[in-house]
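Data block below; observations after.
Residue numbers start from 1 in every chain, and the chains themselves are labelled A, B, ... in the order their sequence lines are given, proteins ahead of strands.
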Number of protein chains: 2
Amino acid sequence: MTKNLYDDARITAVGLVMEVYAGLAARFAAQFEEHGLSTVEFEVLMRLARSPEHQLRMTDLAAQTSLSTSGVTRVVDRMERDGLLGRRACPSDRRSAYAVVTESGMARLDETLPGHIQLIQDWFIGQLEPADLASLLDSLRIVRDAVHPGATAGSTGAAAGANTAC
Amino acid sequence: MTKNLYDDARITAVGLVMEVYAGLAARFAAQFEEHGLSTVEFEVLMRLARSPEHQLRMTDLAAQTSLSTSGVTRVVDRMERDGLLGRRACPSDRRSAYAVVTESGMARLDETLPGHIQLIQDWFIGQLEPADLASLLDSLRIVRDAVHPGATAGSTGAAAGANTAC
DNA sequence: CAGGGAATATTGCTACGACTATAGTTGCTC
DNA sequence: GAGCAACTATAGTCGTAGCAATATTCCCTG
């Protein structure tokens with residue numbers, strides 16, 4: 001018999017990552033839906049809430065969410081229609097537009113967040129010993145920094161990172 | 001100021017998982033595309049290749065891939081059209097149908113796999129010290145077993161697990 | 001200041017996948 | 001054996017996201 005590459009330990013290692021992701025994502029999605037949000041909508045809300053003035057340029061939002069710019073346009077369309085977000089013209093660059101969270105959007109997020117954190121606690125954090133968790137996060141950080149698609153709003157952009165200030 | 005839940009350490013912990021997943025998935029997808037495969041097509045090919053006789057019932061395939069049954073139908077349609085898969089009637093249960101990998105499908109997988117494993121080595125395994133990697137996998141396994149959406153072809157089905165044998 | 005190239009957002013087109021309904025098959029019960 | 005519930009696969013419909021094309025604006029160079 002030839003050696004079986006299909007059961008290679010390296011394959012199963014990434015399989016583990018994928019399964020953990022899939023499991024968590026599915027549970028999160030179910031809880032988001034209870035509050036009328038999809039996963040990407042929650043992600044958009046979170047990214048904006050963590051930004052100064054609760055707003056971000058469309059392009060920056062796309063960079064931070066692993067969505068294309070057109071995808072961001074559609075999501076913001078929907079959320080604007082639902083009153084969660086608003087658009088604001090950028091004073092210094094008329095090409096750019098800000099997506100800004102409305103009061104209603106912040107309220108929706110505040111209403112969703114406690115349950116979300118509870119899920120994280122129950123299915124992820126709480127499953128591990130504190131020392132193991134710390135070690136796990138360290139390792140994940142290393143891999144993240146290597147793979148690093150610029151999701152952390154950090155130093156990915158070759159240009160000066162301050163263009164968030166428009 | 002009110003306490004800021006949006007930067008909660010627990011949120012950033014799952015953010016880490018999501019970012020690692022997204023980064024790996026994007027790189028994998030690019031390599032799959034070089035061989036004319038999408039991510040789900042590769043996953044289907046892998047699941048079938050790891051099964052006895054290189055075949056699986058449509059329902060079982062759906063259970064193992066976090067795809068719906070109709071999704072599996074469409075994917076198998078495409079892959080059958082491309083000659084990677086074939087359909088075979090189940091002799092003992094005429095409701096069921098097997099999806100079976102063709103010679104061409106196995107060849108495609110064998111052609112794709114080395115590069116895939118190389119990516120895993122470069123961006124995941126190779127980033128960590130062996131001891132840290134082992135610890136990481138242990139922790140991931142614990143979380144996986146908790147979240148456990150039955151992706152491992154294990155004991156999810158309430159009925160006897162042996163229905164893979166049709 | 002005129003013009004070319006880069007950047008930004010949007011829209012049309014297309015592909016993919018989930019939800020639902022439908023048709024066929026099986027096994028159980030009376 | 002007829003009827004009925006459960007299961008399997010498929011087809012219809014809809015929502016969502018990516019890619020390419022477009023219009024506008026900005027910046028830099030002459």
Study note, to complete from the structure: Which of L45(A), V101(A), L109(A), T102(A) passes side-chain contact (heavy atoms from CB on, under 4.5 Å) with H54(A)? It is V101(A)
Between [atom2] of [N] and [atom1] of [X], the distance in whole Å:
| X | N | atom1 | atom2 | result |
| --- | --- | --- | --- | --- |
| E33(A) | dA18(C) | CD | P | 14 Å |
| L61(B) | dT10(D) | CG | P | 11 Å |
| R95(A) | dT8(C) | CZ | C1' | 6 Å |
| L37(A) | dT16(D) | CG | C1' | 16 Å |
| Y98(A) | dT8(C) | OH | P | 12 Å |
| L67(B) | dA9(D) | CG | C1' | 15 Å |
| E80(B) | dA9(D) | CD | P | 14 Å |
| D93(A) | dC28(D) | CG | P | 12 Å |

Check your understanding: Distance from H35(A) atom NE2 to R108(A) atom CZ, nearest 0.5 Å?
Key ->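 H35(A) atom NE2 to R108(A) atom CZ measures 9.5 Å (nearest 0.5 Å).
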Check your understanding: Of the residues in residues 70-79 of chain B, which ones touch DNA chain C at a heavy-atom distance under 4.0 Å?
Key -> S70(B), G71(B), R74(B), V75(B), R78(B)
**Study point:** Main-chain N/O of Q118(B) paired to Q121(B) side chain as donor or acceptor, under 3.5 Å
**Key:** no
Check your understanding: Is the backbone of A131(A) close enough, under 3.5 Å, to the side chain of S135(A) for a donor and an acceptor to pair up by distance?
Key -> no
Point to revise | Touch class at under 4.0 angstrom, heavy-atom based, for S66(A) against every strand present | key: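 Answer is sugar-phosphate: S66(A) comes under 4.0 Å of backbone atoms only.
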Check your understanding: Can a side chain N or O of R94(B) be found less than 4.0 Å away from OP1 or OP2 on dG24(C)?
Key -> no
Point to revise | Atom CD of E129(A): over 12 foreign heavy atoms under 6.0 Å | key: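 No, CD of E129(A) has 12 or fewer neighbouring heavy atoms, counting only those of other groups under 6.0 Å.
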Point to revise | V40(B), nearest nucleotide to its side chain (from dT10(D), dG17(C), dT8(C)) | key: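 Out of dT10(D), dG17(C), dT8(C), the nucleotide with an atom closest to V40(B)'s side chain is dG17(C).
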Exercise for review: Assess the side chains of D60(B) and Y98(B): does a donor N or O sit below 3.5 Å from an acceptor N or O?
Suggested key: no
**Study point:** Geometric class of the F42(A)/F32(A) ring pair [parallel <30°, tilted 30-60°, perpendicular >60°]
**Key:** parallel
